[in-house]
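For reference, the structure is listed below as C-alpha cells.
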Amino acid sequence: MTDSGLTELQLQELRKALVDKRNSLLQRLSTDSEARTTGGAGESDLMDQAEQARDLDDRALRSVRETGLLDEIDHALSKFKDGSYGLSEDSGEPIG
C-alpha cells in the first residue's frame with residue numbers, strides 16, 4: 001500500500017488507463033486537425049458550405065473540451081511521478 005491507500009497494481013492500472021485515454025485524445029485531436037486543413041474547399045453549394053462550417057464549429061468545440069481533458073490527464077500523470085496521486089491537493093490525505 002502507498003500513502004494514497006492504493007496498491008501498486010491499482011496505481012499501475014490507473015496510470016495505464018490515463019495514458020491510454022491521453023493517447024486516444026491526442027489521436028482524435030490530430031485527426032480533427034487534419035480534417036480542418038483538408039476540408040472541402042471548392043464546394044460551391046451553399047448547403048454544403050453551411051454543413052462544413054457547422055462541422056468545423058463542432059470539431060473546434062470538441063477540441064477545446066478535449067484539450068482541457070488532456071491538461072487534466074497530464075496533471076494527474078504528473079502526480080504519479082511525484083507520488084501524490086490519490087492524495088487530496090488541499091489536505092494531503094488519501095482520497096476515499
If hydrophobic clusters are built from ILVMFWY residues whose side chains come within less than 4.5 Å, do Leu29 and Leu77 share one?
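Per the 4.5 Å side-chain linkage, Leu29 and Leu77 are co-clustered.
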Hits for side chain to side chain donor-acceptor pair (under 3.5 Å) against Thr7, two or more places apart or cross-chain, chain-then-number order -> Gln10
Taking only residues two or more places apart in sequence, or in another chain, which ones meet Arg62 in a salt bridge (Lys or Arg N to Asp or Glu O under 4.0 Å)?
Asp32
Side chain to side chain contact (heavy atoms under 4.5 Å, CB included) between Leu25 and Ile73, intermediate numbers included
CA-CA 10 Å; Leu25 284 170; Ile73 290 171; 3.7 Å; yes
If you take all heavy atoms of Tyr85 and Ser4, which pair is closest and at what distance?
O-CB, 3.3 Å
What donor-acceptor contacts under 3.5 angstrom involve side-chain atoms of residues 12-21, with partners at least two apart or in another chain?
from  : atom 1 : to    : atom 2 : distance (Å)
Lys16 : NZ     : Asp20 : OD2    : 2.7

Strictly by salt bridge (charged side-chain N to carboxylate O under 4.0 Å, His left out), give each pair with a member in residues 81-96 just once, sequence neighbours left out.
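Qualifying pairs, neighbours excluded: Lys79-Glu89.
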Salt bridge (charged side-chain N to carboxylate O under 4.0 Å, His left out) pairs, two or more places apart, involving residues 69-78
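Listed by first then second residue: Arg22-Asp74.
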I'd like to check the side-chain contact (heavy atoms from CB on, under 4.5 Å) partners of Ser24; sequence neighbours left out, ordered by chain and number.
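Result, side-chain contact (heavy atoms from CB on, under 4.5 Å) vs Ser24: Arg28.
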Can you tell me how far NE2 of His75 sits from CZ of Phe80, rounded to the nearest 0.5 angstrom?
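Spacing of CZ (Phe80) from NE2 (His75) equals 12.0 Å.
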Within a strict 4.5 Å, meaning less than it, do heavy atoms of the Pro94 and Leu87 side chains meet?
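Pro94 reaches Leu87 side chain to side chain.
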Has Thr67 got a side-chain atom pairing as donor or acceptor with Ser63's backbone, closer than 3.5 angstrom?
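Indeed, once roles are kept as given, a pair shorter than 3.5 Å links the two residues.
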